[in-house]
**Student:** 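Here it is, the structure in full.
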Amino acid sequence: MALRVYNTLSARKEEFVPLEPGKVKMYVCGVTVYDHCHIGHARANVVFDVIYRYLRYRGMDVTYVRNYTDIDDKIINRANREGVPFHEISERFIREFDRDMEQLGLLLPNVQPKATEHVGEIISLVQELIDKGFAYQAGGDVYFCVERFDPYLKLSKRSLEEMQAGARIDVDERKRHPMDFALWKEAKPGEPFWESPWGRGRPGWHIECSAMSMKYLGETFDIHGGGKDLIFPHHENEIAQSEAATGRRFVKYWLHNGFVNINSEKMSKSLGNFFTIKEVLDKYDSEVLRFFLLSAHYRSPLDFSDQNLDEAEAGLARIYKALAGIEEVLAGETPDSVEKITPVSMKEAERELHEKSGSIRERFKEAMDDDFNTAQAFGNVFDLVRSINRVLVESTEKSGFIKALLADSRDKIRGIGGVLGILTSEPVAYLERIRGRKVADLPISVDEIERLIAERTAARKSKDFKRSDEIRDALLARNIVVLDGPQGTTWKVK
RNA sequence: GGCGGCGUAGCCAAGUGGUAAGGCAGAGGUCUGCAAAACCUUUAUUCAGCGGUUCAAAUCCGCUCGCCGCCUCCA
């Protein structure tokens with residue numbers, strides 16, 4: 001079965017055929033480093049991280065490039081506000097970005113180029129556009145001439161007339177057409193600058209991505225990704241600059257992720273309705289956030305709320321609990337491969353698990369091959385989790401076959417988790433980590449809880465259920481739920 | 001104003017022509033000293049509404065209502 005991806009350019013799902021068999025060249029727009037990253041940035045980066053992982057899982061050799069735009073008006077504005085050099089701002093937020101992405105468990109791209117380290121390439125590209133008549137100098141600025149590039153707006157599927165009809169576009173008499181955009185900007189006094197054939201200035205926004213993507217991936221490459229809000233103008237302008245310069249198709253597949261919403265409204269800086277990654281990770285485990293971000297299809301809007309995060313936490317815990325249950329049964333054993341064992345007979349639940357475990361990889365591939373349908377993939381995983389739980393409870397005698405079957409299921413779930421960047425922890429450790437995080441917010445210590453539970457266990461032993469229930473109620477009143485099991489009593493935070 | 005998207009159970013969310021995945025929450029049962037957890041069963045004759053095409057539609061077409069996005073920096 002073939003991988004199919006939704007291409008913004010054609011507005012339909014297409015079979016994914018890399019330009020060079022077995023090799024994928026992928027560029028994703030990173031961030032302009034002038035502020036902290038919010039959950040919207042987290043989504044974009046997690047989504048493309050999963051796409052990167054999945055392509056590799058599918059056996060492709062992927063070259064993944066993600067840039068830092070480290071020179072831009074916003075960076076300069078912030079630097080002026082704080083009275084520091086612009087690179088102090090960009091360096092600070094590159095560090096912040098790197099830390100956020102590391103905490104989110106992202107794989108590192110192969111190349112993470114910075115705009116300021118590619119000014120030479122940018123200048124050459126601008127010069128080429130001027131030489132070919134697609135750009136013109138106006139004072140110390142250089143503009144791209146949109147009317148000269150016929151396919152302009154093919155990605156966002158609009159026309160120049162439509163764009164101007166209701167739009168508020170800054171009138172700049174130096175531009176030949178109101179939609180012309182800057183490739184190079186003249187430096188105002190006090191602003192950072194590079195020497196160029198047009199005087200001292202800096203790159204415009206957009207040109208850095210054309211220059212860097214083509215430098216590392218070639219004039220034509222497979223995948224270019226980013227948030228939906230980059231379709232216009234950023235990606236549209238990248239197409240114009242790149243294709244005008246090379247005369248060749250720039251990108252084969254354009255992939256765009258949907259927004260994170262707050263109360264159905266786009267999370268954005270200007271609305272002020274955003275949460276930074278750091279804030280959310282103070283409250284939720286990074287795997288919970290990843291699981292949440294992947295619980296909807298990447299192109300759909302995703303509503304961010306505490307309730308939704310709590311539900312994600314509960315869902316992820318369900319998977320981890322099943323894995324913990326398997327570890328408990330195996331008790332460190334490594335059973336033989338399940339294929340090598342022929343059971344004498346199978347109970348209904350075992351037969352079901354055998355079948356579901358046997359088909360899970362195929363179903364995962366099917367879901368992911370359909371435009372990276374992670375939500376569907378989770379459905380399949382939960383389906384398997386239910387079968388695991390059933391066997392854990394119903395098959396009281398854990399034969400070698402059952403152990404092998406459980407170990408096999410565990411390995412497959414972890415394998416899938418690896419592609420999605422979740423389920424990377426030891427189950428018990430994860431569950432304790434989550435619990436510890438919650439208990440830290442309660443006015444009770446782990447020591448005290450365990451002391452009370454020990455007291456209750458003693459009471460139960462002597463059949464003093466009144467005292468035992470008193471303790472349980474007292475703990476419950478402080479949000480601690482007591483769980484009695486065959487192996488003894490455990491507890492969790494409500 | 002122009003262009004585009006979305007509307008599936010209490011909530012979240014898959015499903016683009018063949019008769020509604022999954023998660024959370026809820027109810028009943030098994031288990032338990034009683035609970036909880038886990039498991040089992042159960043919760044949408046129906047996919048915003050109204051028409052149309054078809055043997056067959058949540059899925060295709062038209063209209064209406066509601067929500068959102070882009071057109072300005074934005075993942």
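Every chain is numbered from 1 and lettered A, B, ... according to where its sequence line falls, protein lines coming before strand lines. This is a predicted model, so every value here is computed, not measured.
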**Student:** With a 4.0 Å limit, can you tell me whether A/K266 has a side-chain N or O closer than that to the phosphate oxygens OP1/OP2 of B/C70?
**Tutor:** yes
**Student:** How far does the P atom of B/A9 sit from the matching atom of B/G15, given to the nearest Å?
**Tutor:** 16 Å
**Student:** Under a 3.5 Å cut-off for both distances, is B/U32 Watson-Crick or wobble paired, and to whom?
**Tutor:** none
**Student:** Report yes or no: is there a donor-acceptor pair, N or O only, under 3.5 Å between the side chain of A/K157 and the base of B/C3?
**Tutor:** no
**Student:** Less than 3.5 Å between a donor and an acceptor, one on the side chain of A/D484 and one on the base of B/C34, is that the case here?
**Tutor:** yes
**Student:** Which of the following nucleotides, B/A37, B/A13, B/G33, is nearest to the side chain of A/A375?
**Tutor:** B/A13
**Student:** Would you please confirm or rule out a distance under 4.0 Å between OP1 or OP2 of B/C11 and any side-chain N or O of A/N308?
**Tutor:** no
**Student:** Can you tell me the base-pairing partner of B/G62? Count Watson-Crick or G-U wobble geometry only, both distances below 3.5 Å, and say none if there is no partner.
**Tutor:** B/C50
**Student:** Would you indicate which nucleotide in B/G33, B/A13, B/C40 comes nearest to any side-chain atom of A/R386?
**Tutor:** B/C40
**Student:** Of A/R460 and A/R158, whose nearest nucleotide on RNA chain B comes first from the 5' end?
**Tutor:** A/R460
**Student:** Output yes when at least one side-chain N/O atom of A/R318 is less than 4.0 Å from OP1 or OP2 of B/C39, else no.
**Tutor:** yes
**Student:** Provide the distance between the two P atoms, one in B/U19 and one in B/C6, to the nearest whole Å.
**Tutor:** 23 Å
**Student:** Would the distance check show the side chain of A/Y52 and the main-chain N or O of A/L106 forming a donor-acceptor pair, the cut-off being under 3.5 Å?
**Tutor:** no
**Student:** Tell me if the side-chain of A/R43 makes a donor-acceptor pair with the base of B/A75, cut-off 3.5 Å, by modelled atom types.
**Tutor:** no
**Student:** Considering only NZ, NE, NH1 and NH2 on the basic side and carboxylate oxygens on the acidic side, decide whether A/D484 and A/R456 come within less than 4.0 Å.
**Tutor:** yes
**Student:** Specify whether A/F382 and A/F291 have parallel, tilted or perpendicular ring planes, treating 30° as the upper limit for parallel and 60° as the lower limit for perpendicular.
**Tutor:** perpendicular
**Student:** For B/G5, take OP1 and OP2 only and decide whether either is under 4.0 Å from a side-chain N or O of A/K228.
**Tutor:** no
**Student:** Using the P atom in both, what is the distance from B/C60 to B/A44, to the nearest Å?
**Tutor:** 25 Å
**Student:** Does the structure place the NZ or CZ of A/K228 under 6.0 Å from the centre of the six-membered ring of A/F259, at an angle of no more than 45° from the ring's axis?
**Tutor:** no
**Student:** Given that A/N45 and A/K13 both sit by RNA chain B, which one's nearest nucleotide is further toward the 5' end?
**Tutor:** A/K13
**Student:** May I ask you to verify whether the side chain of A/S156 and the base of B/G4 hold a donor-acceptor pair under 3.5 Å?
**Tutor:** no
**Student:** Please measure how far the C1' atom in B/U43 lies from the corresponding atom in B/A27, and state the result in whole Å.
**Tutor:** 8 Å
**Student:** Just N and O in the side chain of A/S264: are any of them under 4.0 Å from OP1 or OP2 of B/G66?
**Tutor:** no
**Student:** If we take the C1' atom in both B/C39 and B/C31, what is their distance in whole Å?
**Tutor:** 9 Å
**Student:** Searching all strands shown, indicate the nucleotide that pairs with B/C55 (Watson-Crick or G-U wobble; both distances under 3.5 Å).
**Tutor:** B/G18
**Student:** Among A/R174, A/K185, A/R202, A/K175, find the residue that satisfies the salt bridge (charged side-chain N to carboxylate O under 4.0 Å, His left out) test when tested with A/D141.
**Tutor:** A/R174
**Student:** In whole angstrom, give me the gap between the P atoms of B/A58 and B/C70.
**Tutor:** 33 Å
**Student:** Is A/F465 stacked on the base of B/G33, meaning ring centres closer than 5.5 Å and planes within 30 degrees of each other?
**Tutor:** yes
**Student:** Can you tell me, in whole Å, how much space there is between the C1' of B/U59 and that of B/U16?
**Tutor:** 5 Å
**Student:** Once hydrogens and angles are ignored, does a donor-acceptor distance under 3.5 Å link the base of B/G69 to the side chain of A/D229?
**Tutor:** no
**Student:** Looking at the base of B/C40, is there any donor atom on it, or on the side chain of A/R390, that sits under 3.5 Å from an acceptor on the other one?
**Tutor:** no
**Student:** Is the charged tip of A/R158 near the ring of A/F232: under 6.0 Å from the six-membered ring centre and within 45° of its axis?
**Tutor:** yes
**Student:** Determine the Euclidean distance between corresponding C1' atoms of B/A38 and B/U46; express it in Å to zero decimal places.
**Tutor:** 32 Å
**Student:** Quick one: is the NZ or CZ of A/K412 closer than 6.0 Å to the six-membered ring centre of A/F364, and within 45° of its axis?
**Tutor:** no
